[in-house]
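First up is the structure itself, then whatever we jot down about it.
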Amino acid sequence: MKKIAFLFPGQGSQAVGMGKDLYENSDAAKEIFEISNSTLNKSISNLCFEGPEENLKQTVNTQPCIVTMSIAAMEALKEKANIIPDFVAGHSLGEYCAMFASGVMSLENTLRAIQKRADLMSEAKGGAMAAVLNASEEVLKAGLAEGSKIGYVDVANYNSPAQVVITGAEDAVKATSDYLLANGVRRVVPLAVSGAFHSKFMENAGASFAEFISDVELNDASIPVITNVDAEATTSAEEFRVKMPKQIYSSVYWTQTIEKMVAEGVDTFIEIGPGKVLAGLNKKIAPDAQVYNVFDLASLEATVEALNSELAKV
């Protein structure tokens, strides 16, 4: 039998208009948007469908909008196809969609938790991030050592064998970037972010979030969630309670997450949510795996058709 994993994207995948045709054509998707609007007391649907872009890309809006749209897309998929994944995972904020998909939190608690996370992360000021493309492990290590002479710098995301994101103090990130460019790395791209996400700059946000999550009802997961902080399968409610705050200031082990699922026999991934970022990363991490997307009505229908035809062969 095929083993299927659902993947949910993170910040940066948002686009004005996302989810609109799903809202208009799927009762299940529409219901998710409406619950999100009422739970968060703001029009998540308007932000997703109309923007404007400068509002959508503010962290306090981006995170709840991506989570709402991704969950709506998943519910639209479930409306058309009876697919129960063997594993779920999400990139950074996408992990909240994965936890919802596996029954760890109710929809309302998932939305409240991601809004709180977004609020706390947006309050943490200072720092910078940059994407590093095609750097060898040795050169990256040497670059981080060079930057560390000036200030704090670390890896925020292990996105694929060809891409990592560095994070930390602005001057230390710049020194690391300069070293990498001077030592054969062709592209280092500064990221337009409001702070140094997934770094120790976010430790206070993590501590505040730990307080918030301490009395939120969490359930054991019905489907294993491969968690960002360690790329391990997690099902215990209390483990999620520990890992959720930690994830805010820890590296995202995404490459290792996909490799873990492949090692567990996953051969089919469905990226659910705006954009195709994770599908692109998957081609670098697990080129032999089949990847589908659900980000609008056309991709939903194409994925359902392809999966029905694939599952018929099994």
Side-chain angles (χ1 to χ4, degrees), residues 7-16 18 53-54 56-59 61-63 65-66 90-94 118 121-122 124-202 228 247-258 271 273-285 287 291 293 295:
L7 305 178
F8 300 93
Q11 201 155 336
S13 59
Q14 72 275 2
V16 173
M18 64 182 187
E53 192 179 344
E54 54 269 28
L56 181 59
K57 70 182 185 188
Q58 290 169 14
T59 294
N61 294 327
T62 310
Q63 295 196 21
C65 282
I66 290 176
H91 191 287
S92 191
L93 72 91
M121 287 175 74
S122 70
K125 300 298 177 201
M129 299 178 80
V132 178
L133 307 180
N134 297 304
S136 71
E137 210 173 311
E138 298 73 24
V139 172
L140 177 65
K141 210 170 174 181
L144 290 168
E146 193 64 29
S148 295
K149 293 174 187 172
I150 289 170
Y152 165 75
V153 61
D154 202 352
V155 175
N157 306 345
Y158 294 90
N159 281 339
S160 81
Q163 186 200 110
V164 299
V165 174
I166 57 173
T167 184
E170 207 166 323
D171 50 359
V173 168
K174 186 178 186 316
T176 302
S177 302
D178 291 345
Y179 177 92
L180 295 172
L181 290 167
N183 285 273
V185 175
R186 289 188 182 176
R187 288 194 71 200
V188 179
V189 184
L191 300 180
V193 290
S194 57
F197 298 159
H198 299 291
S199 79
K200 71 178 187 184
F201 280 53
M202 293 283 157
N228 287 180
Q247 191 232 46
I248 293 173
Y249 56 84
S250 302
S251 302
V252 172
Y253 289 99
W254 189 253
T255 301
Q256 298 84 344
T257 291
I258 300 300
E271 179 180 2
K276 296 182 177 182
V277 171
L278 301 182
L281 297 178
N282 253 44
K283 285 174 187 165
K284 301 274 196 314
I285 306 167
V291 185
N293 284 88
F295 57 87

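Bear in mind that the values here come from a model prediction, so they are computed numbers and not experimental data.
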Using side chain to side chain contact (heavy atoms under 4.5 Å, CB included), reason through L278 and V291 one step at a time and then give a plain yes or no. CA-CA 9 Å; L278 301 182; V291 185; over 6 Å; no

Evaluate side chain to side chain contact (heavy atoms under 4.5 Å, CB included) for C65 paired with M18, printing each intermediate quantity in order. CA-CA 9 Å; C65 282; M18 64 182 187; 3.7 Å; yes

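Here the side chains of S194 and T59 are in contact, with some heavy-atom distance below 4.5 Å. By the 4.5 Å heavy-atom criterion applied to side chains, I66 and S13 are counted as neighbours. For the pair T176/V188, no side-chain contact is recorded, criterion being any heavy-atom separation below 4.5 Å from C-beta on. Contact check for M121 versus Q63: side-chain heavy atoms found under the 4.5 Å cut-off. The shortest distance between side-chain heavy atoms of V252 and V165 does not fall below 4.5 Å. Here the side chains of D154 and S199 are not in contact, with every heavy-atom distance at 4.5 Å or above. Using a 4.5 Å heavy-atom threshold, the side chains of Q11 and S92 count as separate. Side chains of S177 and I166 form a contact here, defined as non-hydrogen atoms less than 4.5 Å apart.
Taking both residues in full, the closest heavy atoms of A172 and V153 are given as CB-CB, 4.0 Å, listed atom of the first, atom of the second, then distance. The shortest non-hydrogen separation linking K200 to Y152 is N-OH, 3.0 Å. What you find for V173 and A130 is that their closest heavy atoms are CG1-CB, 4.1 Å. Across all their heavy atoms, G127 and A196 have their closest contact at CA-CB, 3.9 Å. Shortest non-hydrogen contact noted between T167 and H198 is CG2-O, 3.4 Å. Here the closest heavy-atom approach between residue A124 and residue F201 is recorded as CB-O, 4.0 Å.
The closest donor-acceptor contact from the side chain of T62 to the backbone of L56 lies under 3.5 Å. E271 contributes a side-chain N or O that, together with a main-chain N or O of A279, makes up a donor-acceptor pair within less than 3.5 Å. A donor-acceptor pair under 3.5 Å links the side-chain atoms of Q14 to the main chain of G12, judged by distance alone.
Legend: side chain to side chain donor-acceptor pair (under 3.5 Å) pairs involving residues 178-193, not counting sequence neighbours, sorted by first then second residue: K174-D178.
Heavy-atom neighbours of E53 CD from other residues, nucleotides or ligands within 6.0 Å: at or below the threshold of 12.
For the residue pair Q58/S122, the side-chain donor-acceptor check at 3.5 Å is not satisfied.
Atom CG of L281 and atom OG1 of T255 lie 7.5 Å apart (nearest 0.5 Å). In this structure, CG in L7 is found 6.0 Å from CG in N282, a value given to the nearest 0.5 Å. Here the CZ atom belonging to F197 is positioned 7.0 Å from the CE atom belonging to M129, to the nearest 0.5 angstrom. Between the CG atom in L180 and the CG atom in N134 there is a gap of 12.0 Å [rounded to 0.5 Å].
Here H91 pairs with W254 under the ring-ring contact (aromatic ring centres under 6.0 Å, His included) rule; sequence neighbours left out. The side-chain hydrogen bond (donor to acceptor under 3.5 Å, both in side chains) check on D171 picks up nothing, with sequence neighbours excluded.
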